[in-house]
Amino acid sequence: RKEVEQDPGPFNVPEGATVAFNCTYSNSASQSFFWYRQDCRKEPKLLMSVYSSGNEDGRFTAQLNRASQYISLLIRDSKLSDSATYLCVVNKVRGAGKSTFGDGTTLTVKP
Amino acid sequence: EPEVTQTPSHQVTQMGQEVILRCVPISNHLYFYWYRQILGQKVEFLVSFYNNEISEKSEIFDDQFSVERPDGSNFTLKIRSTKLEDSAMYFCAGLAGEQETQYFGPGTRLLVL
């Protein structure tokens, strides 16, 4: 079983659509969780950290369910500029530990 | 957002040659990382570095790889004798911020011929 598993994608959606990404992780002792986005041939860029209480940043909402070892990202009112690969990232140790990446889910938002 | 810089942006080398990839991490932060991403594959952890020592390394980080921080600012990844399968994008990351999140440099694209 992969340590971090994401929806295989790709997702192709029209502008304005709501899209949800799902991610599961295998190590129940994992401590911190993130969503990054990666544009083609660029570095991963932090989108948001994920907490059990859930967090929202504009059109983006992330949720963590520790019992189910499940992380989600919701994008509302998607824009063309949201087209990218979305990476689910899990750390076993809070802060200083290595990050384990999922394979990523590619989103294309079309006009 | 804190900025990590990397040089060179691209490197082409012959199999068996040594390469050194350089990173200038976020100033005043102590945790640094190297990751690699083979084209079309996921980002993979190589090594983490803290207080001038390796704190964790992956199976990929074998004897051909080494890291050091020679002058207190640059953070380098050396591959002693490159193989074709070392061709990848190499990302340096530094740990910063209240949330202790990793910020990635723009990467070095290494091509081994």
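Chain A is the first sequence line, chain B the second, and so forth, proteins listed ahead of strands; every chain is numbered from 1.
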Any residues in residues 35-42 of chain A near chain B, with a heavy-atom distance under 4.5 Å, and which are they? Tyr36(A), Gln38(A), Arg41(A), Lys42(A)
Decide if atom NZ of Lys110(A) counts as having more than 12 heavy atoms of other residues, nucleotides or ligands within a radius under 6.0 Å. no
Answer yes or no: are there more than 12 heavy-atom neighbours, outside Asp63(B) itself, under 6.0 Å from its atom CG? no
Would you say Glu43(A) and Val4(B) make side-chain contact, with heavy atoms under 4.5 Å? no
Tell me the closest heavy-atom pair linking Phe34(A) and Thr101(B), and the distance in Å. CE2-CG2, 2.9 Å
Check whether more than 12 heavy atoms from other residues, nucleotides or ligands sit under 6.0 Å from atom CD of Glu56(A), and answer yes or no. yes
Tell me whether Val90(A) is reachable from Tyr70(A) by hopping between hydrophobic residues (I, L, V, M, F, W, Y) whose side-chain heavy atoms are closer than 4.5 Å. no
Transitive ILVMFWY side-chain link Val13(A) to Tyr86(A), under 4.5 Å: yes
Once you round to the nearest 0.5 Å, how far does CG of Leu87(A) lie from NZ of Lys42(B)? 11.0 Å
Whether the side chain of Tyr35(B) engages the backbone of Ser99(A) through a donor-acceptor N/O pair (distance < 3.5 Å, no angle test) should be reported. yes
Under 4.5 Å heavy-atom distance to chain A, tell me which part of Leu46(B) shows up: side chain, backbone, both or neither. neither
Please check if atom CD in Glu53(B) has more than 12 non-hydrogen atoms from other residues, nucleotides or ligands closer than 6.0 Å. no
Please report the interatomic distance OG1(Thr100(A)) to CZ(Phe45(B)), rounded to the nearest 0.5 Å. 8.5 Å
Is Leu77(B) reachable from Leu95(B) through a run of hydrophobic residues whose side-chain heavy atoms are each under 4.5 Å from the next? no
Under a 4.5 Å heavy-atom cutoff, which of Ser48(B), Ser58(B), Pro106(B) has the most pairs with chain A? Pro106(B)
Determine which residues belonging to residues 73-83 of chain A lie within contact range of chain B, meaning some heavy atom pair is under 4.5 Å apart, and list them by number or answer 'none'. none
Which region of Gln37(B), side chain (C-beta onward) or backbone (N, CA, C, O), has a non-hydrogen atom less than 4.5 Å from a non-hydrogen atom of chain A, or is it both or neither? side chain
Note: Pro44(A) and Phe104(B) closest approach over all heavy atoms is O-CB, 3.6 Å
Do Leu47(A) and Ile71(A) belong to the same hydrophobic cluster, where Ile, Leu, Val, Met, Phe, Trp and Tyr are linked whenever their side-chain heavy atoms lie under 4.5 Å apart, directly or via other members? yes
Indicate if Met48(A) and Leu46(A) have the same hydrophobic cluster label, given that clusters are the connected sets of ILVMFWY residues with side-chain heavy-atom separations under 4.5 angstrom. no
